[in-house]
Amino acid sequence: MLVDYTDNGERAKLLKNVKRVVVKVGSRLLMDVENVSARQRVAELVAEIAVLRERGLEVILVTSGAVATGMELLKTKVRPKSMASKQAHAAVGQCELMGLYEAASSAQGFHCAQLLLTAADLHDQERHLCVSECLASLLSVGALPVINENDSVCVDEIKVGDNDTLSAMVSSLIRADLTILLTTIDGMRERDMKTGALGRRLSVVRELDSELLAMAQGTDGNRFSVGGMITKLHAADMVTRSGEGLLIADGFDFSVLSKIFGGEDVGTLFLPARKMRMHAHQRYLAFFAEPKGELIVDRGAAAAVEKKGKSLLPGGILGLRGVFQRGDTVRILNVDREEIARGQVNFSHVELSLICGAQSADLEKLLGHTPEAEEAVHRDHLVVTK
Ligand code: GLU
């Protein structure tokens with residue numbers, strides 16, 4: 001486990017370059033604080049966001065709470081289970097929730113703007129671009145973008161499912177320098193895997209490995225909660241692989257945001273997993289494009305792609321799965337069937353099955369025509385994901 005229990009200057013180093021930040025707030029922080037109304041909690045949150053904005057930061061908020069607000073308004077005791085009931089509660093609650101955000105924002109002298117997204121909006125390349133442009137435009141006019149999943153139209157196939165993941169997707173999409181997940185606990189704690197007992201807080205996570213993921217299994221079962229530590233770690237994985245940082249912190253007192261930007265050692269900071277931030281096309285391939293197939297490659301090709309920055313040639317491909325056309329996204333797997341990269345393929349599955357394992361000089365003969373490219377996946381359209 002590559003972790004530190006105290007901050008040794010990592011926060012200060014990372015914060016120096018933070019301009020754009022995504023803040024996610026969970027339902028319980030808004031709806032489940034004794035003797036404090038959701039109106040009051042939203043007002044406190046937006047007041048703290050106003051402080052960040054005054055410091056020159058661009059803030060995007062991802063808020064949960066539609067279903068929970070609907071439950072309050074409709075006096076529903078148990079979290080709805082059926083899709084239709086969840087959708088109805090979200091539709092009732094989202095309206096009220098945004099009313100609270102707009103009241104709180106205008107009291108601070110700016111407007112908020114609602115964006116309701118589904119996974120389909122983020123997977124489709126054109127809609128993905130639209131969302132990104134819309135967010136940039138909202139920031140440029142000084143509005144506070146307030147994002148939630150579009151729960152009322154979301155069937156399982158197009159669902160992101162939880163707002164930790166949605167926040168990571170939004171952060172990756174708009175290249176936020178830092179993502180802050182506000183929750184009900186002060187970051188991630190070590191867990192004794194035998195007894196389940198929680199130990200010391202992890203201040204800095206340098207590398208997210210399987211040991212940490214195992215420690216995060218299971219959620220707390222609160223009636224308002226959706227994710228748990230595991231969805232937060234998946235979010236951290238996406239954000240840090242994009243090349244940015246993510247912090248999990250206790251949002252009971254929203255002034256934690258100022259503490260974070262003051263460099264205080266609160267919460268758990270996940271450091272970027274790569275020095276060079278992914279560019280937009282790489283992010284799209286890695287996290288948004290839907291893979292249509294898989295290419296299994298030999299050790300030499302895997303090393304060339306993963307370590308040497310090379311394109312994937314047909315000669316290094318051992319086998320393939322799926323039905324894909326030229327231009328589709330495929331996963332590239334090593335001999336152990338681990339994903340090492342994703343990329344846009346230059347051949348259909350039919351063509352590639354004729355030429356896998358073949359040398360470049362033989363492609364024309366095997367295909368019966370001159371290929372448009374000799375690489376199966378060109379480096380410019382490939383991203384290493386391992
Ligand atoms: N979109 C859901 C809601 O607003 C919450 C999902 C989550 O908390 O992760 O109720």
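Ligands are counted one by one from 1 in listed order, and the atoms in each one are counted from 1 as well.
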Report yes if Arg79 has an N/O atom closer than 3.5 Å to an N/O atom of ligand 1; otherwise report no. no
Do Arg20 and Asp177 meet the salt-bridge criterion of a basic N to acidic O distance under 4.0 Å? no
Give the atom numbers and elements of ligand 1 that come within less than 4.0 Å of a heavy atom of Asp151. 1 (N), 2 (C), 3 (C), 4 (O)
Which one holds for Val67 and ligand 1: side chain close, backbone close, both close, or neither close, with close meaning a heavy atom under 4.0 Å? both
Does Leu100 share a hydrophobic cluster with Ile49, counting links as ILVMFWY side-chain heavy atoms below 4.5 Å and allowing steps through other members? yes
Is Arg53 positioned over the aromatic face of Phe110, cation under 6.0 angstrom from the ring centre and no more than 45 degrees off axis? yes
Assess the residue pair His381 and His281 against the criterion (ring-ring contact (aromatic ring centres under 6.0 Å, His included)); give the C-alpha distance rounded to whole Å, side-chain angles, the decisive distance to 0.1 Å, and a yes or no. CA-CA 8 Å; His381 304 288; His281 188 43; 5.2 Å; yes
Is the charged tip of Arg206 near the ring of Phe270: under 6.0 Å from the six-membered ring centre and within 45° of its axis? no
Is Gly65 in contact with ligand 1, taking contact as a heavy-atom separation below 4.0 Å? yes
Return a yes/no value for Asn163: is any of its N or O atoms, backbone included, closer than 3.5 angstrom to an N or O of ligand 1? yes
Is Asp162 touching ligand 1 with its side chain, its backbone, both, or neither, if touching means heavy atoms under 4.0 Å apart? both
